[in-house]
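To keep things clear, I will list the structure first and then write my remarks on it.
Order of appearance sets the numbers: ligands from 1, and atoms from 1 within every ligand.
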Amino acid sequence: MKQTTKKRGNAKHEDPVMENFVLRAVRLGSHAVRQRLSYSTGRLTRAAILGAPGSGKGTLSSRLVTDFNFKHVSSGDLLRREIHEESELGQSAAAYIKSGDLVPDTLVVDLVVNNLETSQPFLLDGFPRTIEQAKILDEHVSLNLVLNLEVPEEEIISRLENRRVHVASGRVYHLVWNPPKEEGRDNETGEALIQRPDDTREAIVDRLRNFRELTLPLIDYYDRKGVLLTFKGTESNVIYPEMKTAVEMWSNVEM
Ligand code: AP5
Ligand code: MG
């Protein structure tokens with residue numbers, strides 16, 4: 001997707017009006033507008049991926065990380081690592097996660113925001129999850145791209161009940177759709193896969209309720225800021241090429 005560029009002004013300059021224009025062009029899929037945009041800015045992507053539990057945030061993030069070399073920061077993976085290591089924070093967070101409740105902001109903010117390296121492109125997954133968290137994040141760094149996944153709820157329960165994860169890396173499998181090469185073992189390390197304790201039907205129902213009540217308002221929050229792109233559907237092989245094109249344009253378009 002890289003094209004030859006005619007430099008216009010300071011490549012590193014970030015212009016919110018231009019950013020909105022580019023996002024509109026990507027949303028509309030306007031070929032003519034895309035053709036007029038020139039490439040290669042070196043602009044830093046500060047992105048987040050939003051979506052219900054089981055919407056595919058982790059699955060699509062892995063592909064984005066491979067293609068764009070973003071630093072992937074998943075609040076859920078960080079929390080699960082803390083639990084695995086039996087740290088103080090992990091011990092405080094474990095009961096909330098198991099029951100499908102959100103972990104208190106103070107714990108998550110400490111873990112994610114205070115450790116976020118903002119001088120390199122990053123992709124947040126699972127954070128922010130409330131308006132309050134988004135406001136705290138804004139005090140540290142403004143996101144310039146929010147990828148929103150819309151997947152029907154009926155699809156979600158079957159996905160989560162069939163999910164297995166490798167805790168150390170966050171790699172995600174699905175028993176039917178994306179099974180590991182060797183049953184119960186991670187493809188890269190051969191270590192054991194687990195079923196997440198919050199992937200029970202009871203916890204999934206709570207997670208979906210929390211998502212509707214606390215996280216959905218973020219869609220409007222980021223839409224108003226002009227940084228939201230929504231992707232609808234159930235097939236990663238259809239959604240991902242669209243997402244990749246959008247992110248390529250977003251990361252490369254010259255300001
Ligand atoms: P977190 O780990 O963020 O969980 P989540 O948001 O509930 O999302 P999931 O990880 O369950 O789903 P996903 O969208 O990543 O889907 P995946 O790609 O795995 O958070 C866990 C908990 O930590 C929270 O409940 C909360 O307690 C706490 N927490 C985390 N962040 C917090 C915060 N900011 N504030 C407070 N508390 C916080 O896909 C799911 C399955 O579907 C997989 O098996 C996958 O293989 C499969 N799949 C994916 N795409 C497809 C497809 N197209 N077709 C078929 N199967 C597919
Ligand atoms: Mg995930």
Minimum side-chain heavy-atom gap [X]-[Y] below 4.5 Å:
{"X": "Ile157", "Y": "Ile204", "result": "yes"}
{"X": "Val141", "Y": "Phe122", "result": "yes"}
{"X": "Leu107", "Y": "Ser92", "result": "yes"}
{"X": "Phe231", "Y": "Glu242", "result": "yes"}
{"X": "Thr234", "Y": "Pro152", "result": "yes"}
{"X": "Gln91", "Y": "Glu88", "result": "no"}
{"X": "Val165", "Y": "Asp77", "result": "no"}

Quick one: do the Asp198 and Tyr96 side chains pair a donor with an acceptor below 3.5 Å? no
Pair Asp138-Tyr221, side chain to side chain donor-acceptor pair (under 3.5 Å): steps then yes or no: CA-CA 12 Å; Asp138 281 344; Tyr221 182 85; 2.4 Å; yes
What residue and atom, counting heavy atoms only, is the protein's closest point to [atom], and at what distance?
{"atom": "atom 8 (O) of ligand 1", "answer": "Lys57 NZ, 3.0 Å"}
{"atom": "atom 16 (O) of ligand 1", "answer": "Gly56 N, 3.2 Å"}
{"atom": "atom 51 (C) of ligand 1", "answer": "Arg159 CZ, 3.5 Å"}
{"atom": "atom 31 (N) of ligand 1", "answer": "Ser75 OG, 2.7 Å"}
{"atom": "atom 39 (O) of ligand 1", "answer": "Thr59 OG1, 3.7 Å"}
{"atom": "atom 24 (C) of ligand 1", "answer": "Arg129 NH2, 3.7 Å"}
{"atom": "atom 37 (N) of ligand 1", "answer": "Val103 N, 3.0 Å"}
{"atom": "atom 50 (N) of ligand 1", "answer": "Ser236 OG, 3.4 Å"}

Would you check if the side chain of Lys57 reaches a backbone N or O of Gly51 as a donor-acceptor pair within less than 3.5 Å?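 A pair under 3.5 Å: yes.
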Find all atoms of ligand 1 within a distance of less than 4.0 Å from any non-hydrogen atom belonging to [X], and give their numbers and elements.
{"X": "Val172", "value": "19 (O), 43 (C), 44 (O), 45 (C), 46 (O)"}
{"X": "Asp101", "value": "26 (C), 27 (O)"}
{"X": "Ile97", "value": "23 (O), 27 (O), 28 (C)"}
{"X": "Pro53", "value": "5 (P), 7 (O), 8 (O), 12 (O)"}
{"X": "Tyr173", "value": "43 (C), 44 (O), 46 (O)"}
{"X": "Gly58", "value": "13 (P), 15 (O), 18 (O)"}
{"X": "Arg80", "value": "2 (O), 21 (C)"}

Quick one: look at [X] and ligand 1, take heavy-atom pairs under 4.0 Å, and tell me if it's side chain, backbone, both or neither.
{"X": "Arg207", "answer": "side chain"}
{"X": "Leu102", "answer": "both"}
{"X": "Thr234", "answer": "backbone"}
{"X": "Val108", "answer": "side chain"}
{"X": "Pro104", "answer": "neither"}

Walk me through it: do Tyr173 and Asp186 pass the test side chain to side chain donor-acceptor pair (under 3.5 Å)? CA-CA 9 Å; Tyr173 299 85; Asp186 176 48; 2.6 Å; yes
Under 3.5 Å between any N/O of [X] and any N/O of ligand 1: does that happen in this structure?
{"X": "Asp198", "result": "no"}
{"X": "Pro128", "result": "no"}
{"X": "Gly100", "result": "no"}

Heavy atom to [atom], shortest distance: which of [options] holds it?
{"atom": "atom 34 (N) of ligand 1", "options": "Gly126, Ser99, Gly76", "answer": "Gly126"}
{"atom": "atom 40 (C) of ligand 1", "options": "Arg163, His174, Gln133, Arg196", "answer": "Arg163"}
{"atom": "atom 48 (N) of ligand 1", "options": "Tyr96, Trp177, Phe127, Tyr240", "answer": "Trp177"}

Using heavy atoms and a 4.0 Å limit, tell me yes or no: is [X] in contact with ligand 1?
{"X": "Ala52", "answer": "yes"}
{"X": "Gly54", "answer": "yes"}
{"X": "Arg164", "answer": "no"}

Rounded to the nearest 0.5 Å, what separates atom CG in Leu228 from atom CG in Leu147?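 Separation between the atoms: 8.5 Å.
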Option from Asp199, Val176, Val151 for which side-chain contact (heavy atoms from CB on, under 4.5 Å) with Arg159 holds: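 Only one of Asp199, Val176, Val151 forms a side-chain contact (heavy atoms from CB on, under 4.5 Å) with Arg159, namely Val151.
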Decide if atom CD of Glu117 counts as having more than 12 heavy atoms of other residues, nucleotides or ligands within a radius under 6.0 Å.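 Correct, the count exceeds 12.
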Tell me whether the rings of Phe68 and Phe70 are parallel (<30°), tilted (30 to 60°) or perpendicular (>60°).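 Phe68 vs Phe70 ring planes: parallel.
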